[in-house]
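Report on one structure; see the data block that follows.
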Amino acid sequence: MPLSSSYRQSRKQLSTSMDNIHGVGPRVFQKLSKMGISRVEDALYTLPFRYEDRRSIRKIAELNEGLQEVFCGEVLSCGETFTSRARKRIFEAVVTDGTSTIQLKWFHYRKNWLKNQLVTGRLGLFCGELHYFAGVREIHHPEFEFISKNRSLDDALSSTTLDFGRILPVYPLTEGLTQKVIRKIFKAVVDNFAPQILTPIPAEILKRHGLVPLDRAFTMVHAPDNSAAVDELTAFSDPGRRSIVFDEFFFLELGLALKKRGVLQEPGMAFNVSHKYTKPLAKLLPFKLTEAQRRVLGEIKHDMMEPAPMNRLIQGDVGCGKTIVALMASLVAIENDTQVAVLAPTEVLAEQHYLQFHRRFEELGLRVALLVGSTPKKERATILEEIAAGNIHMLVGTHALLEEGVAFKKLGLGIIDEQHRFGVHQRASLRHKGVSPDILVMTATPIPRTLFLTAYGDLNLSVIDELPPGRKTIKTKVYSEKEREGVFRFITKELDKGRQAFVVYPLIEESDKVDLMAAEESFDHLAREVFPDRRLGLLHGRLKPAEKEEVMGCFKKGKIDILVATTVIEVGIDIPNATVMVVENAERFGLAQLHQLRGRVGRGADDSYCFLGRSKKCSADGFSRLKVMQETNDGFRIAEADLEIRGPGEFLGTRQSGIPDFRVANILRHGKLLEAARREAFDLVERGNFLTNPEYAELREALQDRWGGRLELASVG
Ligand code: ADP
Ligand code: MG
């Protein structure tokens, strides 16, 4: 669709290069480019990170100690002198406004320039922080600006170019640029270009949330007028900034709303719940489903019975029993003569799932197969044949299952475990293995709601917020290298009681040789010197699947006392007799990851313990982060803390996380606005005529523009 002329015109204006701006020469242009500001739009979106309130002019007699304050005064005397002790040159001036005098001092200065500026009898505006030095009131390195002879103070203050008498924006800087320079340039940009910005969001929506159109918003943020509330500006909660943030959220959510509706409009399969397999399974289980499990299963079944494809995320803390729920959902699909695909992020986890499902499926007379990268060729060929023929009911695997050769007879349900490790397009690839199959995503990483709304905003959310009965909280302690001996003694005590333990070494990349060597060395050390009479096993990502299974099997059967491992045990491993989890160099893990690891213990009836080791390299920040783990077992609180510390991209795994880069918005700070933007965007789309109503033409253009090529609006007309 061609862009309308007003919209195109506005876009063109905003992409004007910064070297066209008054005051931007080649040197400044280069500096600005280094800050990512090469076009006018970049400058507009570079918002002040704080403000200085220079509105009120104080009497010199009333200046407060320790505050940045502005005053007006006449230079009584000035000149270079020497400090009494160190005999260093300094420049001094005495200024008065009739109420009192004040001493100004410069320790670093360009003499000629300063001498030219500070002339006895000149009237100027000054800003600085007053302090007492040996009982004398002084201000060091004040900012100042002089008023021309024939001008009155009021006249000068009404001039907008002055850095006094108003609220001043303070911008991020790069070396070689000063606030003064950047303020002047940005002022020119805002004056000339802010009025060109269009606001496609309907006025009624802005009004409902106390927001203003973007042209005004940008002016208000960059050049607040004297009636603005400084505390709001400082807290980033002023109407200008909120409007810009809302705009960012709104277009994101509008795109997600359309995506979601697009999926809903595909014809999917409406399943029947016949209970052919689900009833017998319920009888086989040694426990009753929790309230939360039943509720979530109900939501899933409801979706599966609808003709539209399901697109749902199950979120639940480690050990809350997501797998059983997924199993039940799988049985519904199988009862309807369709197949199920289960996608896991690692081979170990795929194997674990396979074993779990396999046990139940066998009892029900159903068939499940495992397909991973290392599956032998011949076996793979057989599996593919059986899958295509429909003889296998469920295929569990890693991304190997998304390869081209894998064709289902009829895929009814795709399950993705630990979604945050997969990109958005894996979900799409899995979907394409069938004809609009239902999709169920499971994650044990509690995703804060704000993040969910941005990263997975096109999914429906089910939360299992209850653990099976009888789970004990895990006692957690952060230890230093000095305390390590004590931790090992504690392990010995637990082993004496017949329990088992994990010792984990961080291996950030499975391919990192240095890390792997460190883990192997530590294993040798533990096996030979610390626990010579215990049985130890080593588990890492480089082992062949059969070897891993062997080690895991031994641990599960109690033939190994201590399992030394890298992060491959992070997810899904279930050993109720293990009661101690030790994580060395724990500061190298994210909190969410540590929470996952900790969830490997506390699965049985006994008290469980988690020890998090901080190495010498652990910073004070790292230490306080680890302490969060000590304070809470609540996955949500941990996730929020983690998100706050690491930022959204890293939280979900940087690559392909699906988190958009906001220019201004911060999902932590502006969570409420995000919710509001989402409601409005979804309302608009659900009203139905969004894609055709001429009233929204500009909005649709802006939407396409913002999403670039990432949004397929098939029916935009
Ligand atoms: P998750 O995948 O959510 O981390 P799992 O599905 O692996 O959790 O379940 C963890 C453990 O709890 C498993 O041993 C499982 O058999 C058990 N379990 C699941 N649901 C219940 C329940 N309702 N009551 C008792 N135990 C349960
Ligand atoms: Mg699990």
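All ligand and atom numbering here is 1-based and tracks the order in the structure. All residue numbers in this chain count up from 1 along the given sequence. Computed from heavy atoms alone, side chains included, the values below leave out hydrogens, waters and symmetry copies.
- The closest approach between a heavy atom of Cys320 and any atom of ligand 1 is below 4.0 Å.
- Remark: aromatic rings of Phe502 and Phe555 are close, center separation under 6.0 Å.
- A parallel orientation is assigned to the rings of Tyr609 and Phe611, their planes being inclined by less than 30° (bins at 30° and 60°).
- With a 4.0 Å heavy-atom cut-off, ligand 1 is reached by the backbone of Thr290 and by its side chain too.
- Salt-bridge annotation for Arg380 and Glu403: present, with a side-chain N of the basic residue lying under 4.0 Å from a carboxylate O of the acidic one.
- Here is the list of ligand 1 atoms found below 4.0 Å of a heavy atom in Leu289: 23 (N).
- Some N or O of Gly321 is nearer than 3.5 Å to an N or O of ligand 1, by distance alone.
- Only the side chain of Gln293 comes within 4.0 Å of ligand 1, judged by heavy-atom distances.
- Environment of NZ in Lys409: sparse, with no more than 12 heavy atoms of neighbouring residues, nucleotides or ligands closer than 6.0 Å.
- Set against the non-hydrogen atoms of Thr323, the atoms of ligand 1 under 4.0 Å away are 2 (O), 5 (P), 6 (O), 7 (O).
- Residue contacts with ligand 1 include Lys288, since one of its heavy atoms falls under 4.0 Å from the ligand.
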For Asn311 and Asn460, what are the C-alpha separation, side-chain angles and deciding distance, and is it a side chain to side chain contact (heavy atoms under 4.5 Å, CB included)? CA-CA 6 Å; Asn311 212 10; Asn460 288 312; 5.6 Å; no
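- Within the 3.5 Å criterion, the main-chain N or O of His275 finds a donor-acceptor partner in the side chain of Glu335.
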